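All values reported here derive from a predicted model rather than from experimental measurement.
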Amino acid sequence: MTGDPDVLSFIREHIRSVWALELLLKLKADPERCWAANELVEAMRASHALIDDNLAALMAAGLVIPDDRGCFRYRPAAPVLARLCDELEETYRVRPVTVIRWISAPTERLRSLADAFKFSGKLPGKSGPKGGDK
């Protein structure tokens, strides 16, 4: 597990709602199954518009592919996406409230939180240049 900053960034970029997360996890639970949109509407108890919108977003993110019969399956386009989905699933399983808060937080708050994990390169007590170094 690489840690929360990667999961936070992944959520910020690809998971727009808890519905999107639940849909992703439904598809991920059985990656060999190809789901028709109508089956997902029934299984998720959602509207066609909600399923269609979230499937389009997950396809754009490279997480889901359609087949020529018009059904959809979980198939990350890259190993790093698969790893991040695994980490997100595990984090959601262990800390669901935290993940829901991350999804529902305004983008700027998430960015600030994710940035807080990054190393700034500055040593504590040392400030950067003063006086408008631009």
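Each of I65 and L24 belongs to its own hydrophobic cluster when Ile, Leu, Val, Met, Phe, Trp and Tyr are linked at side-chain heavy-atom distances under 4.5 angstrom.
Across L81 and P76, no two heavy atoms sit closer than the pair CB-CB, 3.9 Å. Between D67 and R73 the shortest heavy-atom distance is OD2-NH2, 4.4 Å. Of all heavy-atom pairs spanning N54 and A20, the tightest one is OD1-CB, 3.2 Å. The two residues W19 and R45 have their closest heavy-atom pair at CH2-O, 3.9 Å. Taking all atoms of both residues into account, the shortest heavy-atom contact from L27 to F72 is CD2-O, 4.0 Å. Between I103 and V18 the shortest heavy-atom distance is CG2-N, 3.8 Å.
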Please step through side-chain contact (heavy atoms from CB on, under 4.5 Å) for the pair W102 and V7, ending with a clear verdict.
-> CA-CA 10 Å; W102 288 344; V7 174; 4.0 Å; yes
Derivation and outcome, side-chain contact (heavy atoms from CB on, under 4.5 Å), residues N38 and H48 | CA-CA 7 Å; N38 286 341; H48 283 277; 2.6 Å; yes
Please assess E90 against R93 for the test side-chain contact (heavy atoms from CB on, under 4.5 Å), listing each intermediate value before the final yes or no.
-> CA-CA 5 Å; E90 176 64 14; R93 187 185 65 76; 2.8 Å; yes
Could you go through the side-chain contact (heavy atoms from CB on, under 4.5 Å) check for V64 and R75 one step at a time?
-> CA-CA 5 Å; V64 171; R75 178 137 326 140; over 6 Å; no
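A donor and an acceptor atom, one from each side chain of Y92 and E22, are located under 3.5 Å apart.
For the atom pair CD1 (I11) and CD1 (I100), the distance works out to 10.5 Å, reported to the nearest 0.5 Å.
The existence of a salt bridge linking R33 and E39 is confirmed by a sub-4.0 Å separation between a basic side-chain nitrogen and an acidic carboxylate oxygen.
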